[in-house]
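Worksheet for the structure shown next.
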Amino acid sequence: MQEVVKSVVILGTGGTIAGTGPDPERSWQYRAAQLTVSQLVAAVPEFAGLPLEAEQVAQIDSKDMSWSVWQALGQSLKAHLARDDVAGVVITHGTDTLEETAYLLHRLVDGRKPVVLTAAMRPATARDADGPGNLRDAVRVVLEAARRGVGGVVAVLHGRIWAGAQVRKAHSCALDAFDAGGRAPLAQLDEAGQWHEAALEWPASGHAGWEVLNSPPPRVEIIHSHADADGWMVKAVLAYGRQHGPLKGLVLAGSGHGTLHQGLEAALVQATSMGVTVWRASRVARGGVSRREGDAFEACGELTPAQARVALMLYLSGV
Ligand code: SIN
């Protein structure tokens, strides 16, 4: 029987990887989300002869990521992952909110096939553009993961494979911009984009399914603790919510181990008495927040505040 050659589907959402600028030497001057995903694929010589399909799901600077883009992405992913002739999916994304999309998808997918997010810190027109190499690596990781029979969400960036549930942007401009909150990458890739760990453990997927994306999300906002944080912001969002739709949740981006100013704490306690669910994360880059006896607010573990917002939206949606 002839072996079926399976495709890798590449879904484009925009970002710096699809960005262009007027001067290859001034890589900080550019506009994100200008090239189509088909153009990005055509720019990688190593793709010649590979069974790839490109689909443009969105074309945005990822600072503008929204529930509606996640809905479109979810719809497309669901359809492609169900196909017998697809080995896995690559998503090209902006770096700025990649950690939110990666975490969301990690919670939703069933882990049968690999889903790999990739991005770039330099636009496609930069002399030192990192997008083509990252995209090439991402496709190789999908093919290798499919060959090994492992699945789930990871991010492939700058020669490393990161767990989708843990990856986050840790530097605003370096080429090597991502980490996992202090945890090591799952694997390093060699020059040829291959990984050698015999038994790479992919994190277990959330299996929540795509259904949750069919409804509008519950409103969840992030509040920072800082000097003089006296609860003014909490009162403001509660008042706004009374007029424009209910506020359902708040994530605290606390100081240190998720600590918070006493004025802010009083306001958040009041918010909980009004039916708002409050979860506690940290604005510190590494270490996260663990649960302690007597805590007023649920601790978010190692999630960043932005990922914790996604987690709280899912929780409030019953997932
Ligand atoms: C974006 O997040 O879309 C722009 C920034 C980037 O991709 O590095």
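Atoms within each ligand, like the ligands themselves, are counted from 1 in listed order.
Heavy-atom contacts from other residues, nucleotides or ligands closer than 6.0 Å to CZ of Arg83 number more than 12. Summarising the local packing, CD of Glu55 is surrounded by more than 12 heavy atoms from other residues, nucleotides or ligands at distances under 6.0 Å.
Counting atoms of ligand 1 from 1 in the listed order, those under 4.0 Å from a heavy atom of Thr16 are 4 (C), 5 (C), 6 (C), 7 (O), 8 (O).
A side-chain donor-acceptor contact under 3.5 Å links Ser66 and Ser68.
If you check which protein heavy atom lies closest to atom 8 (O) of ligand 1, you get Thr95 OG1, 2.5 Å. At the top of the distance list for atom 3 (O) of ligand 1, counting protein heavy atoms only, stands Ser62 N, 2.6 Å.
Residue contacts with ligand 1: His93 is placed with no nitrogen or oxygen under 3.5 Å of a nitrogen or oxygen of the ligand (distance criterion only). Taking only nitrogen or oxygen atoms, main chain and side chain alike, Lys63 does not reach within less than 3.5 Å of ligand 1.
Using a non-hydrogen distance threshold of 4.0 Å, Ala120 registers as a contact of ligand 1.
Under the 4.5 Å side-chain criterion, counting only non-hydrogen atoms from C-beta, Pro217 is not in contact with Trp70.
Gln75 places no side-chain N or O within donor-acceptor distance of the main-chain N or O of Leu73, the cut-off being under 3.5 Å.
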